[in-house]
Amino acid sequence: MHAYRTHTCGELRKRDVGSHVRLSGWVNRRRDHGGLLFIDLRDHYGITQCVIEPDAAAFAEADKARSEWVLTLTGKVMARSDDTINSDMPTGEVELRIKEAVVQSVAQELPIPVFGDLDYPEDTRLKYRFLDLRRERLHENVALRSKVISSIRRRMIEQGFTEFQTPILTASSPEGARDFLVPSRLHPGKFYALPQAPQQFKQLIMVAGFDRYFQIAPCFRDEDARADRSPGEFYQLDLEMSFVTQDDVFAAVEPVLHGVFEEFAEGRSVSPAPFPRIAYDEAMLKYGVDKPDLRNPIVIADVTDVFARADVAFKAFKEKTVRAIPAPGAAAQPRSWFDKMDGWARSDMGAPGLGYIVFEEEAVNTPDSIPAAIANAMETHGVAKKSELKHLRFLRGKGPIAKFLTEEAIQELARLANVKAGDALFFSADAKKNRAALLAGAARTRLGRELGLIPEGQFKFCWIVDFPMYEWNEDEKKIEFSHNPFSMPQYDREKFLALDAKDRDAILGMKAYQYDIVCNGIELSSGAIRNHDPDVMLKAFEIAGYAREETERKFAGMLNAFRYGAPPHGGTAPGIDRIVMLIAGVENLREVTMFPMNQQAQDLMMNAPSEASLKQLRELHIRVVLPETK
RNA sequence: GGGGGCGUAGCUCAGUUGGUUAGAGUGACGGCCUGUCACGCCGUAGGUCGCGGGUUCGAGCCCCGUCGCUCCCGCCA
């Protein structure tokens, strides 16, 4: 018999009754009945109930066992009587009658229990990650992550992609984030950088003629953490393709993502391919964000023109971009609810406030008693002809802002924002178009949640396309790349090369072949058709304020390669951690990462980062200068 | 760098208007119990109330400072 096991703890069934077996695992639970001792033995595969009576030879040894001790138990598989079958356990029809018990390892009193499903403080969980990982939920999430990755890999290979590894110790790559630096021993004063993404390498792989590359790639960025953003390191499904248009990239990625999500959906619905494509400008208008959650039915409307009308006297919204956010069914909410929304806009969003109109249905006895203004408006906007008005009900707008508006304006708002009786309409106004859009977007998200409008059990994907190539940095008064500097501008080559600083409007209005993929409001990746033309690339950087010599020096490897025959190419890089988070249905990526760091970018279990010895520092030609403390 | 929340037993938490010896559940330890599967019952141990200072006759509770964790903004695909 094998020293440790003949079966796993999840394996035994009724068919095994009568056989002599050996199991090894952890004590999940111990139940001492005096005359009878139950030990639930757990391993990666499952749990098996083991039982022993006090007169058995092995009792003394088995009786010592406590939670999370590691035991090897040998004995006979017995069928449970009908009244003792546990139908909640796959192994619940049988149990092991212990004949031999060996303690392989003991456990101290546990800082966090493995058994049970309670929440524990993050730092304790991280310090004792190995215990937390034994717990069912985390154990399954981490196993799920592995299955998802292997599904992705299989699907990519099936589509003709080849996996290559790229260097970890490399040069700084300007993705926009802060680099992790590694000092060089052989080259005093010089540093490697950990890759923020294998961006330049994958483009070089295309220049090298490999056509379709992918990698489950580690990426390193020294930026502050969020619940959905690891500090330091994360993984991307990095991919790149040659001789492709944007649509070709979409057509390659969609079946992979759709397939993976379908495979693990467990009843949840997944957007069918092709996923909707939404232009960046449209997304900013309708959803107030470049990563819209399409499960949220609320669609924002631009109502700037209504408030600009001569007959509308609401000064606070004049000369501003005004966006209207419908709140379906919110008319029934108490005044305090609206005040809370307003308070949220003021405190959390730094907005002057969040005005609103509540739409109610007003009934009248005869068509004649519909106010003339409303009847006129209905006719003007084609709702109903005055002469044909049979409705005895019409929309009446109420609320703090309504009194500044004419009936025509209110009816126009209702039409533009597509609201009905019982709805409310919130307004976001700002002299800056972008800020009005962002507040509207935040309000849309909040209203969707508050009003319970976001359905569970759906994965709604979309592509956001046509991102602007450049944007204006108001603080530094300069033009900069709005996203990825390696994207190909959507602009005629010759005209692009001829651009001049005075063509600011043309530059800021220019789109790029740059796209994001979004699922349920979470940005999974961004990608682009790359700029493979050295002249266009130098010009693109020049527009963003980089001297040609600087660009030549910083991107020497790539620029040089592009001068020896570069295929048109493009790709993208969906985040693995976020994909698994979505599929696992968790809000924090520590729930799907085996050994995550805390928010301060520390590994509490391994004690990283830690101080280096003087010898190490000397070899690396490094001196530590600590910040001054007050 | 900024803002919100939290910090009481190994763990999860309660703790009234500032008032006697800071409680419960769970875990640990001991005892009882032959069918449990969150077993049950009895008992024991376990506390620098994050830390420092202040107000007060008296502080877990109020005030100031500080540290830690977490969530968010900045930053970052």
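Keep in mind that what you see is a predicted model, and the values were worked out from it rather than measured. Residue numbering restarts at 1 for every chain, and letters A, B, ... go by the order of the sequence lines.
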d([atom1], [X]; [atom2], [N]) in whole Å:
{"X": "N588(A)", "N": "C72(B)", "atom1": "CG", "atom2": "P", "result": "8 Å"}
{"X": "R66(A)", "N": "C29(B)", "atom1": "CZ", "atom2": "P", "result": "4 Å"}
{"X": "R29(A)", "N": "C39(B)", "atom1": "CZ", "atom2": "P", "result": "4 Å"}

Assess whether one donor atom and one acceptor atom, taken from the side chain of [X] and the base of [N], lie less than 3.5 Å apart.
{"X": "D224(A)", "N": "G74(B)", "result": "yes"}
{"X": "R229(A)", "N": "C75(B)", "result": "yes"}
{"X": "N86(A)", "N": "C37(B)", "result": "yes"}
{"X": "H33(A)", "N": "C33(B)", "result": "no"}

Verify the contact: side-chain N or O of Q108(A) to OP1 or OP2 of G10(B), cut-off strictly under 4.0 Å; return yes or no.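 False: Q108(A) side-chain N/O out of range (4.0 Å or more) of G10(B) OP1/OP2.
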
OP1, OP2 of C76(B) versus side-chain N and O of R226(A): anything below 4.0 Å? no

Nearest heavy-atom neighbours spanning M606(A) and D603(A):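 Distance-wise, the nearest heavy atoms are N-OD1, 3.0 Å.
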
Give a yes or no answer on whether the side chain of T166(A) reaches the backbone of F201(A) with a donor-acceptor pair at less than 3.5 Å. no

Please work out whether the ring planes of F541(A) and F486(A) are parallel, tilted or perpendicular, with thresholds of 30° and 60°. tilted

